[in-house]
Amino acid sequence: MSIHKKFFVGAFLLFIYGIGLLNVLASDRAFSERENRPLAQMPEWTLSNFYSGKLTARLDTYMSDQFLWKDGWVKLKAMSEWASLKQENNGVFFGKDGFLIEPFEKPGVQFDKNMEYMKRFAANANGIQSYVLLAPTSIALYEDKLPLFAQTSSERDAFETAKEVLASEMEVIDVYDALKSQSNEHIYFKTDHHWTMRGAYLAYKESAEILGIKPYKEDDFNIETVAENFYGTLHSKTNTIGVEPDKIDVYLPKFETSHTVTYEDGRKSESLYEWDYLNKKDKYSLFLDGNHALVKIETGVRNGRKLAVVKDSYAHAFIPFLTNHFEEIHVLDLRYYHSDFLMYLNEQNISEVLFLYNVANFAKDPNVIWLSQSK
Amino acid sequence: MVFSSLLFLFFFLPTTLLLYFCGSRKMKNSILLIVSLIFYAWGEPIYIFLMIFSAITDYFHGLFIQKHRLTAPIKAKVGLLSSIIINLSLLSFFKYADFLIENINNLFNMNINALDLPLPIGLSFYTFQTMSYAIDVYRGHVKAQRNPLTLALYVCLFPQLIAGPIVRYEIIEHELKNRRVTLNQFSEGVKIFLIGLGKKVLLANNIGFLWSEIQQQSPAELSVLSAWMGIAAFGLQLYFDFSGYSDMSIGLGKMFGFNFPQNFNYPFVSRNVSEFWRRWHMTLGAWFRDYVYIPLGGSRKGKYRLYLNLFIVWGLTGLWHGAAWNFVAWGLYFGVLIAIEKAGLLVFLEKMHPIFQHIYAFVIVMISWVLFVFEDLSMSLTYLKIMFGFSGQVLVNERFMYDAYTNAILFLLAFLGSVPIWKVLRNKMTRRHKVIDEILIPVCCLLILVLSTAYLADDSYNPFLYFRF
C-alpha cells in the first residue's frame with residue numbers, strides 16, 4: 001500500500017480525532033471577550049429535551065460556542081475572506097485608512113414609530129423641556145472611506161427627516177456639521193461603533209446653546225490617553241487582519257469636581273470612570289460602567305438643574321461633560337428601564353430631558369416604545 | 001444531523017469510525033444501524049418512528065411479494081401495490097397534503113386548515129429507495145432480504161439517508177452482507193468526502209450568501225447584470241450544495257465499504273438540456289426512467305404516447321422537488337425542451353459551434369433556476385423581464401460593480417469547481433500524474449478540511465437547500 005495514501009488518511013484521522021479529543025478535554029469557557037457575550041454551556045440531557053429537539057439544537061450551539069481555538073478559526077476565516085478580495089464581513093466594511101465602517105441601513109417602520117413615540121411623549125409631558133441629540137455614526141462622516149463601489153443608505157437624510165418631524169415638539173440638536181468639519185481628528189473610533197470622547201466633546205460644545213449652558217474650553221481639560229490597544233466591536237464583527245488598534249483619550253477637568261454615581265443596584269462610586277475595563281476587551285465601558293438601566297449622578301454643581309438622559313451608549317462619553325452643568329443627572333436606558341418614565345420624572349422633580357441616541361440605533365431600536373408606558 | 005457541522009466532523013464521525021472498525025465483523029451492521037438511527041434522530045426525534053415503520057412494512061412486503069410472485073402473481077401484484085400505496089401515502093401526507101389543501105381551498109373557495117407538519121428529513125429519498133426495492137423484488141431483479149436488520153440498514157444507512165444519492169437495493173445488496181474496506185478505498189472515500197465538504201462549506205454557502213443579498217434588492221434597484229449574477233449564484237449554490245452533499249455521502253459510503261452510484265457528472269459542461277439531465281441528479285433521473293417512463297411505454301408506443309409520457313415524467317420530477325406549482329412548472333419546462341430537442345432541435349444544435357451550444361444550455365438552465373427559486377410565478381416573470389431587459393433597468397450599477405469585484409475570486413473558484421479540472425490537468429501533464437494524484441490532490445483536500453473547519457467554527461451562513469425535498 002502506497003505511503004502517500006497512508007499519510008493522507010493519517011493526517012485526516014489525526015485532525016478529526018485530535019480536535020475532537022482536545023475539545024472534550026478542554027474546559028468550557030463562560031464568556032467570550034472577543035464577542036463580549038456569555039457562551040452556551042452544556043445542555044441538560046433530559047428525555048423531554050430530547051423529544052422536543054431542544055437538546056440537539058442546544059448541543060449544536062454549545063459545540064459552536066465552545067469550539068477549540070474558536071478565535072483562531074475565526075481569524076483564519078477572516079484571512080481567507082480577505083485574500084479573496086472580500087471588502088466586508090458580517091455587514092461591516094473594511095474601509096480605507098483602517099476604518100471599519102457599518103453601512104447605514106435604509107430605515108424601516110421602526111424609525112417612524114420611534115419618532116412618533118418620542119413626539120407623543122414630549123407633547124404629553126407638561127412642564128418638561130425635551131431636547132434630542134441624534135448623533136451621526138461614522139458612516140455619515142467617512143463615506144469617502146468606504147471601499148470602492150460599496151453602497152450605503154444616507155444617514156444624513158434620515159437625520160434631516162427626524163429633525164423635521166421632531167422639531168414641532170422638542171429642541172433638536174444638530175451636531176453633524178460640527179463633527180464633519182473636524183472629521184480629520186480622531187473623533188470616531190476606527191474599530192468600534194462609538195464616537196471618541198473628542199467627538200463627544202465637539203457635540204457637547206455644539207449643543208451648549210440649546211441646552212442653555214456655557215461650555216468649557218478644551219484647554220480646561222487634561223486630555224489623557226488611557227489605552228492604546230483598543231479593538232472595538234466593529235473589529236470583533238469583522239475579525240479582519242491588518243487593522244491598527246484605536247487609542248482612547250479621556251477628558252479630565254483641570255478644575256475641581258465631585259460626583260456621586262449611584263447605579264440601579266445601589267452601588268455607589270465617586271468616579272465617572274471604571275478604569276478596570278482598561279484590562280478587558282470591552283474598554284468603551286470604562287465610561288459610566290457601560291450599560292445600566294438607571295444611573296443617578298449627583299454633582300458638585302449647585303444650580304438646581306436636574307436632567308434626565310434617555311440614551312444609548314453614545315451618551316456614555318458625552319455625559320461626563322454635562323456633569324459640570326447640572327446638579328443631578330439621571331441616566332436611563334430604555335433597553336432595561338421599563339417602568340413609567342414620566343412618573344419617574346415627576347417623582348424626582350426633573351424638568352429637563354435629553355434624548356441621546358445615534359441615528360442608526362435610533363432607527364431600529366425596538367425599545368423606544370417604553371416611553372409610551374407613561375399614562 | 002448534517003455532515004457539514006462541527007458536531008458531525010469532530011464527534012459523530014470519529015466515534016462512528018472507532019466503533020465500526022473495533023466492532024467484530026458480525027456486529028458491524030448493527031453498529032451502523034444504531035449510529036444511523038442516532039444520526040437521524042438528531043434533528044427529528046419523532047420522525048424516526050416513521051422511518052422505522054417504513055423499514056418494517058417494506059421488509060414484510062418484500063417477503064410477501066417474493067413468496068407469491070411465481071405461484072400467485074395476483075397476490076404478488078396486490079403486495080406490490082400495497083407497498084407503493086403505503087410509500088406514496090407517507091410521502092403525500094407529509095409533503096403534499098398542505099399543497100393539496102391550498103389548491104382545494106383556492107379552487108372551491110373553501111377554508112380547510114393547513115396541517116403545517118414539518119417535512120420529515122430525507123422522506124423523499126428513502127420512500128423512493130424502498131419503492132424501488134419492492135418493485136425490483138416483484139420484477140425478480142433482486143431477492144427479498146430475509147434479515148430485517150439488514151433491510152433496516154439499507155433504509156436507514158446514514159450516509160445516503162438525507163439527501164441521496166438514491167441508492168437502489170440491487171446496487172448495495174451484496175455489500176450489505178459482505179464488504180471489506182481497504183486502505184485504498186478508505187483514502188478514496190476521505191478524498192471524495194473532503195471535496196464534497198469544500199463544495200458545501202466553502203463554495204455553496206458563500207455564493208449562496210451573494211444570492212441572498214441580491215435577492216433582497218427590490219426589483220426596481222436591480223441592474224440587469226446583477227440579476228444574471230444573482231441567478232448564476234443561486235444555480236451554483238444549488239449545484240455545490242447538492243452535489244457536495246452527494247459527494248460527502250459517496251465518500252462516507254466508501255469509508256464503510258459501500259459503493260454508491262455517482263449523482264452528478266459536471267452538469268455545467270452540458271451542451272443541451274437532454275445532456276444536462278444525464279449529468280444532474282443522475283440517480284433521480286434513472287429512477288423516473290426505470291420506474292415511470294419505461295413502464296409507461298417510453299418511446300415505444302408512438303409519438304403521441306412519447307410526449308404524454310415525457311409530460312408525466314417531467315411533471316412528477318418537478319413535483320418531487322417541492323410541493324408548489326413553480327416546481328411543477330420547472331419540471332414541465334425541462335420536459336417541453338427535451339421534447340423539442342428530441343423532435344429535431346438536437347440535430348440542428350449539433351451542427352453549430354460548441355460555444356453556441358454551451359451558450360444555449362447556459363441560458364436555458366439559468367431561466368430554469370428563476371422558475372425554481374421563486375415560489376410565486378409572477379415573481380419569476382418579473383425577474384426574467386429584468387434579466388432580458390424588458391423592464392428598463394440599467395445594465396450595470398455601482399452595486400453590481402461592488403458585488404462583481406468582491407466575488408470575482410469566488411466565481412473563479414466555483415467555475416473551476418464545476419468543470420473537470422483535474423481531468424484536464426492530467427491530460428495536459430501526462431507525465432506528472434503521480435504529482436497530481438499523490439501530492440496535489442491530497443494537499444488540496446487537507447487544506448479544504450482546515451478551511452472548512454474555520455468557516456464552520458465562525459458559524460455564519462450555513463443553510464441546507466435540500467432539506468425541503
Side-chain angles (χ1 to χ4, degrees), chain A residues 1-13 15-24 47 49-53 55-57 59-65 67-81 83-90 93 146-151 239, chain B residues 1 5-7 9-15 17-18 41-46 182-184 186-191 193-194 202 206 221 255 397-410 412-413 434 437-439 441-443 445-446 449-451 453-460:
Chain A
M1 201 46 58
S2 43
I3 184 82
H4 66 271
K5 280 194 173 136
K6 279 184 188 161
F7 183 79
F8 174 57
V9 169
F12 170 74
L13 293 178
F15 191 80
I16 62 170
Y17 278 96
I19 290 181
L21 263 179
L22 287 175
N23 255 305
V24 172
L47 267 183
N49 266 353
F50 175 74
Y51 286 131
S52 62
L55 177 68
T56 55
L59 267 175
D60 285 336
T61 340
Y62 165 74
M63 177 78 200
S64 124
D65 272 13
F67 195 63
L68 193 70
W69 306 319
K70 171 114 181 194
D71 294 359
W73 294 116
V74 167
K75 192 168 267 180
L76 178 62
K77 178 190 164 188
M79 280 165 70
S80 129
E81 294 275 288
S84 68
L85 295 182
K86 279 275 181 335
Q87 302 291 321
E88 64 185 292
N89 194 10
N90 290 326
F93 287 117
L146 281 177
L148 189 63
F149 298 129
Q151 301 292 298
N239 296 298
Chain B
M1 200 183 305
S5 68
L6 296 174
L7 204 61
L9 272 178
F10 297 105
F11 290 98
F12 188 87
L13 184 59
T15 315
L17 286 172
L18 192 72
W42 205 257
E44 303 275 320
I46 298 300
T182 60
L183 178 64
N184 242 337
F186 193 90
S187 127
E188 186 69 12
V190 172
K191 185 185 95 184
F193 175 77
L194 292 180
L202 303 179
N206 286 328
E221 298 167 351
M255 293 186 215
N397 55 14
E398 290 213 343
R399 178 65 191 261
F400 169 79
M401 298 299 286
Y402 177 77
D403 287 340
Y405 85 89
T406 53
N407 289 286
I409 290 184
L410 185 57
L412 180 70
L413 291 173
K434 267 199 138 165
D437 292 342
E438 296 179 6
I439 297 172
I441 294 181
V443 167
C445 284
L446 292 172
L449 176 60
V450 174
L451 270 182
T453 307
Y455 273 76
L456 287 174
D458 191 9
D459 50 348
S460 39

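Chain letters run A, B, ... following the sequence lines, proteins first and then strands; every chain starts at 1.
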Largest heavy-atom contact set with chain B, pairs under 4.5 Å, which of A/Tyr17, A/Phe7, A/Trp69 |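 With the most close heavy-atom pairs to chain B, the winner is A/Tyr17.
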
Chain B heavy atoms under 4.5 Å from [X]: which part of the residue, side chain, backbone, both or neither?
| X | result |
| --- | --- |
| A/Phe93 | side chain |
| A/Ala83 | backbone |
| A/Gln151 | side chain |
| A/Lys86 | both |
| A/Leu68 | neither |
| A/Phe67 | side chain |

Closest approach of [X] to [Y] (non-hydrogen atoms, all atoms of both residues):
| X | Y | value |
| --- | --- | --- |
| B/Asn206 | B/Tyr455 | ND2-CE2, 3.5 Å |
| A/Gln87 | B/Thr406 | CG-CG2, 3.3 Å |
| B/Met1 | B/Phe12 | CE-CD1, 3.6 Å |
| B/Val190 | B/Met255 | CA-CE, 3.8 Å |

Which atoms of [X] approach chain A - backbone, side chain, both or neither, heavy atom under 4.5 Å:
| X | answer |
| --- | --- |
| B/Leu17 | both |
| B/Ile46 | side chain |
| B/Tyr405 | both |
| B/Ile439 | neither |
| B/Val443 | neither |
| B/Leu410 | side chain |

